[in-house]
Amino acid sequence: MSWNTRYLNLVEKNLTHTLNEVTLSDTKGGVRIFSVVPSIDTGVCDAQTRRFNEEAAKLGKEVNVYTFSCDLPFAQKRWCAASGLDHVKVLSDHRDLSFGKAYGVVMKELRLLARAVFVVDSNDTVTYVEYVSEGTNHPDYEKALQAAKDAS
């Protein structure tokens, strides 16, 4: 499965308090795990992001983990500062839902992203997809992590 990951408009709030636009081509440089959550401030989303942060430390520098949500970049920054996580990069799709539309995870009626996990290899090929059927369920971490290892 190959999807174009180059033209998505994401935003990060960086340490200089500016909003930076980020495209997925900016994430190039190895295997990527895209962990998608409805809102970083909820229990399962928090746990999912923390779990992938822990695992990212074990996977090494060839695998990068990104969490996507529609939370405002300011809320994401506040959550990241409070959580102390340092191996996951959090990006906001709030502006135009370009990531959610491209990957089929937009919940239109709520303007949120549905829980999912994607593994993208260094050639921008999506090698693993999990759309979690119920928003209160966790993804299959072990399968996603194995897919990332296999794509390395």
Side-chain angles (χ1 to χ4, degrees), residues 1-6 8 10-14 22-73 75-94 97-152:
M1 177 180 342
S2 181
W3 294 339
N4 187 337
T5 59
R6 282 177 254 167
L8 305 180
L10 301 158
V11 178
E12 71 173 339
K13 178 102 167 78
N14 67 19
V22 177
T23 64
L24 291 190
S25 63
D26 295 330
T27 70
K28 273 192 170 283
V31 174
R32 290 144 292 169
I33 296 174
F34 294 158
S35 172
V36 185
V37 299
S39 177
I40 200 82
D41 281 324
T42 63
V44 177
C45 300
D46 177 277
Q48 179 175 332
T49 304
R50 288 178 186 278
R51 172 72 188 271
F52 278 121
N53 183 70
E54 290 171 19
E55 298 297 339
K58 300 174 194 172
L59 291 171
K61 295 184 186 249
E62 63 275 354
V63 178
N64 295 296
V65 180
Y66 296 85
T67 293
F68 296 87
S69 77
C70 283
D71 294 305
L72 290 171
Q76 289 179 338
K77 182 175 186 263
R78 183 180 63 248
W79 183 90
C80 288
S83 70
L85 303 186
D86 55 356
H87 297 290
V88 172
K89 188 165 194 164
V90 179
L91 298 172
S92 175
D93 198 24
H94 178 75
L97 299 171
S98 59
F99 178 88
K101 290 173 185 173
Y103 284 76
V105 293
V106 174
M107 294 186 287
K108 291 179 188 176
E109 63 281 358
L110 300 173
R111 201 172 194 290
L112 296 172
L113 302 179
R115 188 174 318 286
V117 179
F118 303 91
V119 174
V120 181
D121 71 12
S122 59
N123 296 314
D124 287 340
T125 301
V126 177
T127 61
Y128 175 83
V129 176
E130 179 185 5
Y131 295 101
V132 179
S133 62
E134 171 57 46
T136 57
N137 291 342
H138 287 265
D140 189 329
Y141 298 108
E142 297 308 319
K143 283 185 180 177
L145 294 167
Q146 188 58 53
K149 290 174 188 172
D150 292 346
S152 295

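Residue numbers count from 1 along this sequence. Any value given below was found using the heavy atoms of this structure, including those in side chains, with hydrogens, waters and symmetry copies removed.
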Check whether any side-chain heavy atom of [X] lies under 4.5 Å from a side-chain heavy atom of [Y], and answer yes or no.
| X | Y | value |
| --- | --- | --- |
| Trp79 | Leu85 | yes |
| Val126 | Tyr103 | yes |
| Phe99 | Val36 | yes |
| Leu91 | Thr67 | no |
| Cys45 | Ser69 | no |
| Val31 | Asn64 | no |
| Ser35 | Val88 | no |
| Asn53 | Asp86 | yes |

Between the side chain of Asp71 and the main-chain N/O of Ser92, is any donor-acceptor distance below 3.5 Å?
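A pair under 3.5 Å: no.
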Which residues pass the salt bridge (charged side-chain N to carboxylate O under 4.0 Å, His left out) test with Glu55, sequence neighbours left out?
Arg51, Lys58
Roughly how far apart are Arg78 CZ and Leu72 CG, rounded to 0.5 Å?
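Reported value, rounded in 0.5 Å steps: 9.0 Å.
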Please list, one pair per line, the donor and acceptor atoms closer than 3.5 Å that link side chains of residues 144-152 to other protein atoms, with sequence neighbours excluded.
| residue | atom | partner | partner atom | Å |
| --- | --- | --- | --- | --- |
| Gln146 | NE2 | Asp150 | OD1 | 2.8 |
| Ser152 | OG | Ala148 | O | 3.0 |

Between Val90 and Cys80, the two heavy atoms sitting closest are CG2-SG, 3.5 Å
Could you tell me which non-hydrogen atom of Ile40 sits nearest to which non-hydrogen atom of Val37, and how far apart they are?
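Nearest heavy atoms, Ile40 then Val37: N-CG2, 4.2 Å.
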ring-ring contact (aromatic ring centres under 6.0 Å, His included) partners of residues 132-152, not counting sequence neighbours, each pair once:
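Found Phe52-Tyr141, His138-Tyr141.
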Who passes side chain to side chain donor-acceptor pair (under 3.5 Å) against His87, sequence neighbours left out?
none
Does Arg50 have any side chain to side chain donor-acceptor pair (under 3.5 Å) partners at least two apart in sequence or in another chain, and if so, which?
Asp46
Applying side-chain contact (heavy atoms from CB on, under 4.5 Å), can you list everything that pairs with Ser122, at least two apart in sequence or on another chain?
none
Could I get the full list of side-chain contact (heavy atoms from CB on, under 4.5 Å) partners for Thr27, not counting sequence neighbours?
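For Thr27 the side-chain contact (heavy atoms from CB on, under 4.5 Å) partners, ignoring immediate neighbours, are Leu24, Arg32, Phe34, Tyr66.
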Check residues 106-121 and write down every donor-acceptor pair under 3.5 Å in which the side-chain atom is one partner and the other belongs to a residue at least two apart or another chain.
| residue | atom | partner | partner atom | Å |
| --- | --- | --- | --- | --- |
| Arg111 | NH1 | His94 | O | 2.9 |
| Arg111 | NH2 | His94 | O | 2.9 |
| Arg115 | NE | Gly135 | O | 3.0 |
| Arg115 | NE | Asn137 | O | 3.1 |
| Arg115 | NH1 | Gln48 | OE1 | 2.8 |
| Arg115 | NH2 | Gly135 | O | 2.7 |
| Asp121 | OD1 | Asn123 | N | 2.8 |
| Asp121 | OD1 | Asp124 | N | 3.2 |
| Asp121 | OD1 | Thr125 | N | 2.9 |

